[in-house]
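Working notes, beginning with the structure itself.
This chain uses plain numbering: 1 for the first residue, then up along the sequence.
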Amino acid sequence: MAIVVRVVAVLGYPSPMWFGDSPGYLTAAIELTPSKTRPSGYSLLLWALKPFHSFTLMVAVQHVIGVLVGVLVYVLVWRAGRAAWPDGKGWVVGVLGAVLTVPVLLPVHQVALEHMLMSDSFFAFLLLAAVAAVLWRRRTTWWLGALAGLFAGLAAITRTAGLPLIALILVAMALRRAGWRACGAVVAAFAVPVVGYTVWFHSVYGEYKMAKAEQVWLYGRTATFADCDVIKPRPELRIMCPERSNPRISRPFAALWTADSAFRDIPGWIYGEQGNRLAGEFSREAIKAQPADYAKVVVHDTLRAFEWERRPYPTPWTWRQYEFPEGEAWADEQAEIAVRYDPGGGGRTRVVEPWAGWMLKYQDSVVLPGTVLGVLLVGSLGGGLLYARADGRWRPRRAAWHWGTGPLLPWGTSLALLVIPAATADFDYRYVLPAIPFACIAFGLAVLPPPQPDPPNTRSTVRDAALPSSSGQKRATKSR
C-alpha cells in the first residue's frame with residue numbers, strides 16, 4: 001500500500017516540491033562545492049544522481065529510501081520479537097511490526113517530505129541505519145559498530161542535528177556491553193565522513209568547519225525571548241537586539257529572513273564573518289542572562305510536536321509547503337538552477353491529473369496527528385514497566401536493564417531530534433517527521449519481553465567449536 005501511494009505521488013507530481021533551501025542543495029550538487037550555510041551530505045546524493053539528468057528519478061529514489069525506513073522499522077521490531085519468543089507467537093510479532101510501520105509509511109506528510117528537494121528524509125534513513133546496526137545483535141560486533149559509525153557520520157554531514165547523537169550511540173553500546181573494539185570502530189568510522197567533510201570545506205573556504213553561518217541559527221532561537229534591557233549588550237552588539245513587526249511570523253524566522261533582520265545592516269548578511277561572530281556572541285549573552293526564558297522556549301517548542309493539528313508556523317505559508325500543491329508554481333531562480341541539473345526541464349513543477357487529484361484526496365484523509373508521536377514516546381517509557389514483575393516478585397532492575405539495552409537508543413534519538421532544533425534554531429514541522437520511525441521502534445522494543453537467553457548447551461557448543469581439535473583437547477574437556 002505504501003508503494004502504491006508513492007507511485008501515485010510520482011505520477012501526479014513528476015517533479016520535486018521545492019522549498020527555500022532547495023536551490024542551495026541543488027547548486028552544491030551541480031558545482032560539487034560545500035554549502036556555506038548547512039552541511040551538504042544530501043547534495044552528494046543529488047550529485048550521484050546527476051548523470052541521469054532526471055528529477056523524476058531523484059524523487060523516485062527518495063521514495064524508495066522512505067519505504068526502506070519502514071522496512072527497517074518492521075525488521076527491528078520483528079527481530080526483537082523473535083528473540084523474545086523464539087518458539088512461537090510469530091504472528092503477534094508480525095502484526096505489531098506491521099502496525100508500527102503505519103505512522104512511517106502511510107501519512108501524507110511523510111510521503112510529501114520524501115517528494116521534496118530537501119535533506120530530511122535522507123537524513124532519517126542514514127540515522128536509522130546507524131541505530132539498526134547497533135540493535136542488530138544482542139552484542140554489537142566491531143563491523144556492525146563500524147557500520148553504525150559510518151552511517152551516523154553520513155547523517156551528521158547531512159544535518160548537523162546528527163552530530164551529538166554519536167554520544168547516545170556510544171552510551172547504548174556500552175550498556176549492551178559491546179566492548180572496546182566495537183566502540184572504537186564506531187568512533188573511527190564516524191570520524192571518516194565528518195573529518196573528510198571539514199577538510200573538503202577547508203579546501204574551499206579556508207576554515208575547518210561544516211558551515212560558515214553555524215551561529216546564526218542559535219541567534220534566531222534566542223530572538224524569541226531576548227530582552228536587551230536584561231542582557232545589556234555592549235554598544236557594538238546592540239545592533240543584534242531583535243525587532244518584530246509582523247506577529248504572524250515567528251521571531252526566529254523574522255530575525256533571519258525578513259526586513260526586521262539585524263543582518264540586513266551587516267556586511268555579508270548571514271553569510272558574513274562579522275554577522276556570524278556577532279550572532280554567536282549575542283546568543284551566548286542572551287542565554288547567560290535569561291536561562292529560564294531559554295529553557296521555557298525550548299520546552300514550549302518541543303511540545304508543539306505533540307499537538308493534534310498543525311498550525312500556521314513559523315509563517316502563514318511555510319507549513320503549507322510541506323503538502324502537495326493544487327497548482328503549479330515556478331520561479332526564475334528555480335528554473336535557472338534546475339536546467340543545469342536536468343536540461344530537459346524536468347525540474348519544473350507539474351501537476352498531472354487524475355493522479356494529482358487522487359493524491360490531494362488522500363492528503364485530506366491520511367494525516368498523522370502529533371499526539372500519536374507523544375503517545376508512542378510515553379508508551380515506550382511505560383512499556384518498560386510491563387516487565388518489572390517476574391516470578392511473583394518485583395524486579396525493577398530487570399525492567400530498567402531491558403529498557404536501557406533496547407528502547408533507550410531509538411527513544412533517545414527520537415526525543416533528541418525534537419529537542420535539538422527547538423534548542424538551536426526553531427520549531428518546524430519537517431523536523432518532527434524524522435523522529436517518528438525511532439519512536440515506533442522504541443515502542444515496539446519496550447512492549448516486547450526481554451530476549452530469551454541462549455541455552456547453556458548452545459553457548460558451550462559455540463565455545464567448544466572455536467577451540468583447536470587436538471592441542472586444545474584438555475582445555476575443551478575442562479571447559480565442559
Side-chain angles (χ1 to χ4, degrees), residues 39 41 69 72-73 76-77 80 104 120 122-142 144-195 210 298-299 302 305 373-374 376-381 383-384 400-425 431-446:
V69 170
L72 280 177
V73 171
L76 288 176
V77 174
V104 180
D120 301 87
F122 184 52
F123 167 74
F125 168 74
L126 292 172
L127 198 55
L128 185 58
V131 170
V134 175
L135 299 177
W136 198 253
R137 291 186 178 179
R138 298 186 189 183
R139 186 173 182 179
T140 308
T141 60
W142 71 267
L144 282 172
L147 277 179
L150 180 61
F151 280 120
L154 292 173
I157 67 170
T158 301
R159 265 187 58 190
T160 51
L163 271 173
L165 296 177
I166 186 63
L168 183 60
I169 289 175
L170 286 171
V171 169
M173 290 180 62
L175 290 175
R176 295 168 67 86
R177 299 173 180 174
W180 67 268
R181 289 184 180 179
C183 292
V186 165
V187 175
F190 177 80
V192 170
V194 173
V195 173
M210 298 184 72
V298 173
V299 172
T302 300
L373 175 58
L376 288 171
L377 289 175
V378 174
S380 301
L381 284 175
W401 183 255
H402 167 52
W403 198 86
T405 56
L408 172 63
L409 178 57
W411 188 89
T413 303
S414 181
L415 185 62
L417 291 177
L418 300 176
V419 174
I420 290 174
T424 60
Y431 296 151
V432 176
L433 299 179
I436 294 174
F438 301 94
C440 293
I441 294 171
F443 185 88
L445 300 187

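In this structure, CD1 in Ile420 is found 10.5 Å from OG1 in Thr302, a value given to the nearest 0.5 Å. Here the OG atom belonging to Ser414 is positioned 11.0 Å from the CG atom belonging to Leu128, to the nearest 0.5 angstrom.
Each of Trp403, Phe438, Phe443 was scored for a ring-ring contact (aromatic ring centres under 6.0 Å, His included) with Trp411, with one residue passing: Trp403. Just one residue in the list Val131, Leu170, Leu127 forms a side chain to side chain contact (heavy atoms under 4.5 Å, CB included) with Leu165, and that residue is Leu127.
For Trp142, the CH2 atom sits in a loose shell: 12 or fewer heavy atoms of surrounding residues, nucleotides or ligands are nearer than 6.0 Å.
In this structure the side chain of Leu72 never reaches within 4.5 angstrom of the side chain of Pro437, judged on heavy atoms. By the 4.5 Å heavy-atom criterion applied to side chains, Leu409 and Ile169 are counted as neighbours. Between Leu445 and Leu135 there is a side-chain heavy-atom pair separated by less than 4.5 Å. Put simply, the side chain of Tyr431 does not reach to within 4.5 Å of the side chain of Leu417, judged on heavy atoms.
The closest donor-acceptor contact from the side chain of Arg176 to the backbone of Arg137 lies under 3.5 Å. The closest donor-acceptor contact from the side chain of Ser380 to the backbone of Ala446 lies at 3.5 Å or more, if one exists at all. Arg139 places a side-chain N or O within donor-acceptor distance of the main-chain N or O of Arg177, the cut-off being under 3.5 Å.
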